[in-house]
Structure formats: C-alpha cells, structure tokens
Protein chains: 2
Amino acid sequence: MVNERGAGRRRDTTQTVCAAIREDVVSRVFAPGERLTEESLATRYRVSRVPVREALRTLEAEGFVHSRPYAGTFVAEISETEAEDLLGLRALIEPFGAERAAARRSQLHLARLELVLAEAGELLRDGRHAGLARLNTSFHQLLAEASGSPDTAALVAQLGNKIAWVYSVELPRRANDSWREHAEILQALRDQDPERARELVADHIRRAQQAYRLRGSKGVRTPQHG
Amino acid sequence: MVNERGAGRRRDTTQTVCAAIREDVVSRVFAPGERLTEESLATRYRVSRVPVREALRTLEAEGFVHSRPYAGTFVAEISETEAEDLLGLRALIEPFGAERAAARRSQLHLARLELVLAEAGELLRDGRHAGLARLNTSFHQLLAEASGSPDTAALVAQLGNKIAWVYSVELPRRANDSWREHAEILQALRDQDPERARELVADHIRRAQQAYRLRGSKGVRTPQHG
DNA sequence: GCCGTAACGGTTGTATGCAATCTTGCTGCC
DNA sequence: GGCAGCAAGATTGCATACAACCGTTACGGC
C-alpha cells in the first residue's frame with residue numbers, strides 16, 4: 001500500500017504514511033479506541049518509526065488520534081453528540097465558503113467543477129453509483145477551494161474526512177437529487193450570485209444531514225453498497 | 001544531551017517546542033515567509049531535530065507553516081482577504097458553540113467562566129489592562145469547551161491563535177464593553193438559554209470584528225513575494 | 001557573452017540505538 | 001477474594017548517524 005522504494009520514490013514517506021493511516025482509521029481497519037503502537041505501524045507500512053511518529057502528530061492535530069506521553073497513541077472515539085456537531089459545523093462552513101466562491105471563483109475553478117459534474121452525470125446515466133462518493137467529495141472540496149479561503153478549504157477537508165469516518169455510509173438513494181442540487185450550486189457560481197450559492201449549499205447540506213440521520217447511527221457500519 | 005528545560009522536565013519536549021515555535025510565529029519573531037531550518041530551531045530551543053520536526057508537522061496541520069519535501073519549512077503568509085475570512089469563520093463557529101454550551105454546560109464550566117470574569121473585573125477596576133488579553137482568550141476558549149463539542153473547541157482554539165497572529169493588536173478601548181458582554185453571555189449560559197447565548201456571542205463577535213477593522217490592518221503584513 | 005552541465009555545500013528525510021516511562025502480570029497481605 | 005505494591009517486559013521519547021535531495025555556483029562548450 002505504501003512503499004514503492006524499488007520504483008525509486010523514496011520521498012514523501014511521512015505524508016504517504018499519514019494518508020495511509022488516516023485511510024485505515026476512516027475505513028475502520030483500526031477501531032475507535034484501539035491502541036496504535038508505532039512499531040506495529042512501522043512494520044505494517046514498511047518504514048521506520050520516525051515517519052510514523054510524524055504522521056501521528058499530523059493525525060493528532062486533525063483529531064483522528066490522541067496520544068499521551070509515554071502512554072501511546074489511540075484511535076479517537078466519537079460520541080453521538082460529537083458526530084451530530086460535526087454535521088452542524090459543516091452546515092455552517094460550507095455555505096460560508098460557497099458565498100465567497102460565487103464572488104471569487106475563477107474560470108479554472110468553474111471548469112474543474114463542471115468536469116466533476118459531467119463525470120458524475122455519466123456515472124448516473126450508466127447506473128454506476130460506485131464512484132459517486134469520491135466525486136461528491138471532490139465537488140465539495142473544489143467548491144471550498146473556489147472560495148479563495150485556504151482556511152475554509154482546510155476545514156471542509158478535515159470535517160469531510162471526519163464525517164466520512166463517523167458516518168461510514170453512502171446514500172445512493174439521494175444521488176440523483178444530490179447531483180441536481182450540485183448543478184444548481186454551480187449555476188449560482190457561474191452567475192456570481194453569493195446569496196443564492198450560500199442558500200443552495202445550506203439547503204443541500206441540510207438535506208444530506210437529514211439523509212444521514214435517517215440512514216442510521218454513527219459508528220455502526222450499515223452493510224450496504226452503492 | 002543538554003536538556004535544561006525548566007526544572008528537569010525531560011518529557012514533552014515536542015509539545016514544548018511546538019508551543020514555543022507557535023508563540024514565536026504569532027509574536028512575529030519569525031516573519032511570514034521566513035524559512036525555518038530545522039537545525040537552527042533545534043539550536044534555538046536546545047533540542048535535537050527530531051522533536052522540532054514533529055512540532056513542525058503539528059504546526060503545518062494548524063496552518064502556521066507549510067513545507068515541501070526536501071525544500072524546507074516556511075512561515076505561512078496570510079493575505080488580507082484570508083485574514084478577513086478568519087474573522088468570518090470565527091463569527092460562525094463561536095455562536096454555534098455558545099448555543100450548545102448553554103444547553104450542555106456543567107457547573108464546572110460555569111465556575112471556571114465566572115472565575116475568569118471575576119479576575120477580569122478586578123483588572124478592569126484597577127485599570128490594569130495588561131492581562132486582559134489572556135483572560136479574553138481564556139473566556140472564549142472555556143466557552144467553546146463548555147459546548148461539549150471537542151471539534152468546536154479545537155476550531156476556536158486554532159482560529160483564535162491565527163487571529164491573534166494576523167491581527168497582532170489589542171483593543172483596550174473596547175475592554176469595558178467587551179467584558180460587559182461576556183457577563184451577559186455567561187448569564188445566558190446560567191439560564192440555559194441557547195438562542196440568547198448564540199445571539200449574544202454573535203453580536204459580541206460582530207462588534208469585535210468592527211473594532212478590528214477600524215483599527216486597521218496594521219498587524220497584517222502584506223506578503224512580499226519575489 | 002550566454003547557456004547547459006556537473007560538482008559542491010547545505011538541508012531535509014530516514015534509520016538505528018539507548019534511556020525514560022508506562023503497562024501488565026505477579027506476589028503478598030489484608 | 002480483592003487490592004496495594006513491585007518487578008519484568010514492552011513502548012515511547014529523544015539524540016545521533018547516515019543517505020537522499022535541492023539550490024547554487026563554477027566551469028566549459030558554443
């Protein structure tokens with residue numbers, strides 16, 4: 001998964017390991033509350049403890065793990081109320097970003113968003129819902145980046161990862177509506193209409209929240225497929 | 001090794017270094033855009049490069065520095081619009097936290113907040129405005145923690161640090177009004193009135209924003225690139 | 001004189017080793 | 001039987017050492 005030293009890529013070990021651990025936390029390979037020993041992680045990803053430790057410091061700042069000196073690093077545990085609050089925070093921040101994105105978006109941003117929208121359209125037509133989750137993440141991330149606020153984009157990314165972790169479930173039911181809403185949002189960006197963009201995103205997030213809540217509780221992995 | 005930190009504290013080197021670097025960035029000992037070499041930091045804080053590197057990973061996740069592999073670590077540069085957006089984000093998140101704090105606050109939270117309020121009252125009576133900045137930060141941080149949402153508290157802490165960095169300027173003028181507003185907020189928490197708490201904090205932040213803006217972007221160092 | 005190129009110094013990235021500390025399981029006592 | 005205290009093992013924290021890489025500069029060809 002990591003480690004392609006033979007192929008010559010010897011750089012970026014720390015970042016690669018960080019992404020790998022985050023992935024394994026989000027996908028629940030490591031259970032919440034589980035202790036992560038540096039040595040076992042180092043063995044798992046075929047690196048030494050140093051990049052593992054650095055990756056853990058990043059993940060700790062992001063809230064995926066927490067560590068006590070000399071005691072070790074543990075996968076974070078998220079309560080139900082905390083999970084709810086994550087959705088609440090996203091419901092605040094994404095509309096904020098969308099409002100600014102409508103005012104500041106560049107042609108490049110628009111083009112990227114349209115590309116994602118087009119790809120999603122194809123997947124929808126073909127009934128292949130598998131790749132939609134990734135495109136959905138991309139759309140929201142690009143939207144946040146179009147805001148021109150690096151902090152907003154960073155927050156959206158972090159919250160998105162955490163939400164994907166807690167609510168490890170996709171909502172294929174809503175896919176058609178969801179992407180129709182995405183299209184409207186993009187149109188508001190084209191029109192440079194900040195207020196409409198903000199409200200559309202606010203509604204969009206609100207509906208997604210309701211879907212999440214209906215679909216099931218946090219932590220429990222609902223067996224499903226897209 | 002010459003670990004002469006404090007009175008023989010041999011643990012927590014990384015966290016100590018992290019806080020020290022953050023402090024030096026916020027207080028502009030290190031200028032925005034400046035390159036930070038690990039060796040010089042290690043020398044400055046009398047540690048080896050390892051804890052320095054780990055501290056830098058944390059600070060990178062927090063957005064105070066950014067680094068490229070093999071190229072080095074640089075103090076971040078914040079544009080004026082980004083600074084504005086920081087205030088906007090705080091204006092979203094703190095009321096959100098206050099609303100929940102009013103519903104979830106414990107007696108311990110109330111007691112801590114009252115303590116801070118009392119201390120500030122004394123300083124105000126004595127005309128000693130020096131320590132107020134710290135108490136102000138404490139009040140807002142405690143308020144965020146009272147929300148019972150770790151993510152909210154973490155965001156408030158991060159945003160607060162960054163705002164203190166960008167707008168490195170205090171506003172003694174507003175001190176009396178500000179603390180009167182703090183007292184009202186605390187009362188709303190006692191009354192367990194979420195809506196009132198949210199609105200009071202929203203107004204409070206809004207007034208602080210105006211004060212910042214009037215004061216000018218004196219603290220904002222326009223990035224000079226080459 | 002200009003540009004491509006190769007070597008050098010400086011810096012970052014990773015691995016290893018050892019001391020300090022925590023956790024775990026056991027012992028002995030109540 | 002349960003719990004405090006302790007020893008052994010396991011794990012973390014930090015320092016040192018070495019390898020990989022980047023930017024710069026001196027050099028030579030054109």
Side-chain angles (χ1 to χ4, degrees), chain A residues 1-22 24-25 30-61 64-77, chain B residues 1-22 24-25 30-31 33-61 64-76 225-226:
Chain A
M1 169 175 289
V2 80
N3 192 292
E4 14 186 354
R5 315 171 98 68
R9 270 187 74 89
R10 260 171 150 353
R11 44 188 284 180
D12 271 345
T13 302
T14 293
Q15 288 184 20
T16 309
V17 169
C18 180
I21 298 177
R22 189 191 294 112
D24 282 342
V25 168
F30 302 134
E34 181 177 346
R35 180 176 188 177
L36 301 177
T37 68
E38 300 172 0
E39 189 60 39
S40 67
L41 292 175
T43 303
R44 178 181 177 83
Y45 304 115
R46 299 284 202 280
V47 295
S48 82
R49 282 176 49 218
V50 173
V52 169
R53 285 178 60 83
E54 295 188 12
L56 289 177
R57 291 295 82 76
T58 298
L59 293 172
E60 184 172 20
F64 288 104
V65 304
H66 62 94
S67 30
R68 295 189 323 239
Y70 285 103
T73 302
F74 302 83
V75 179
E77 301 179 71
Chain B
M1 106 181 162
V2 195
N3 209 331
E4 45 189 351
R5 201 173 354 286
R9 279 179 67 95
R10 268 165 115 59
R11 45 187 283 181
D12 273 348
T13 301
T14 293
Q15 287 186 20
T16 308
V17 169
C18 181
I21 299 177
R22 189 191 294 113
D24 283 341
V25 168
F30 301 135
E34 182 177 344
R35 179 176 189 178
L36 302 177
T37 68
E38 299 171 359
E39 189 59 40
S40 67
L41 292 174
T43 304
R44 179 181 175 84
Y45 303 116
R46 300 280 202 284
V47 295
S48 83
R49 281 177 50 217
V50 173
V52 168
R53 284 179 61 83
E54 295 188 13
L56 288 177
R57 292 293 84 74
T58 297
L59 293 172
E60 185 171 20
F64 288 104
V65 304
H66 62 94
S67 30
R68 294 185 327 233
Y70 286 103
T73 302
F74 301 82
V75 179
H225 16 50

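Below, read A as the first sequence line, B as the second, and so on, with proteins coming before strands; counting in each chain starts at 1.
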Side chain to side chain, B:T16 and B:Y45, heavy atoms closer than 4.5 Å: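 No, every pair of side-chain atoms sits at 4.5 Å or beyond.
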A:I21 vs A:L59 side-chain heavy atoms within contact, under 4.5 Å: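 They are in contact (side-chain heavy atoms under 4.5 Å apart), so the answer is yes.
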With [X], which residues qualify under side chain to side chain donor-acceptor pair (under 3.5 Å), at least two apart?
{"X": "A:T43", "result": "none"}
{"X": "A:T58", "result": "none"}
{"X": "B:T73", "result": "none"}

C:dT14 phosphate, OP1 or OP2, under 4.0 Å from A:T13 side-chain N/O: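 So the side chain of A:T13 is within the cut-off, an N or O lying under 4.0 Å from OP1 or OP2 of C:dT14.
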Distance below 4.0 Å between B:S67 side-chain N/O and C:dT12 OP1 or OP2: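 B:S67 to C:dT12 OP1/OP2: no side-chain N or O under 4.0 Å.
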Distance check needed: [N] [atom2] versus [X] [atom1], whole Å only.
{"X": "B:R46", "N": "D:dG13", "atom1": "CZ", "atom2": "C1'", "result": "20 Å"}
{"X": "A:E54", "N": "D:dG13", "atom1": "CD", "atom2": "P", "result": "13 Å"}
{"X": "A:R57", "N": "D:dG13", "atom1": "CZ", "atom2": "P", "result": "6 Å"}

Over all atoms of both residues, closest heavy-atom pair of A:Q15 and B:P69: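 The pair with the smallest heavy-atom distance is NE2-CG, 4.3 Å.
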First of A:F74 and A:V50 reached from the 5' end of DNA chain C, by closest nucleotide: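 On the 5' side of the pair lies A:V50.
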Return the polar atom pairs (N/O with N/O) between nucleotides 5-10 of chain C and the protein under 3.5 Å, or none.
none

Donor-acceptor under 3.5 Å (A:E60 side chain, A:S67 main chain):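 Pair found, side chain donor or acceptor close to backbone of A:S67.
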Partner set under salt bridge (Lys or Arg N to Asp or Glu O under 4.0 Å) for A:R35, not counting sequence neighbours: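 Counting only residues at least two positions away or on another chain, A:R35 forms no salt bridge (Lys or Arg N to Asp or Glu O under 4.0 Å).
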Considering only nitrogen or oxygen atoms on both sides, find all protein atoms under 3.5 Å from nucleotides 9-12 of chain D and state each distance.
{"unit_1": "D:dT12", "atom_1": "OP1", "unit_2": "A:E38", "atom_2": "N", "d": "3.1"}
{"unit_1": "D:dT12", "atom_1": "OP2", "unit_2": "A:E38", "atom_2": "N", "d": "3.4"}
{"unit_1": "D:dT12", "atom_1": "O3'", "unit_2": "A:Y70", "atom_2": "N", "d": "3.3"}

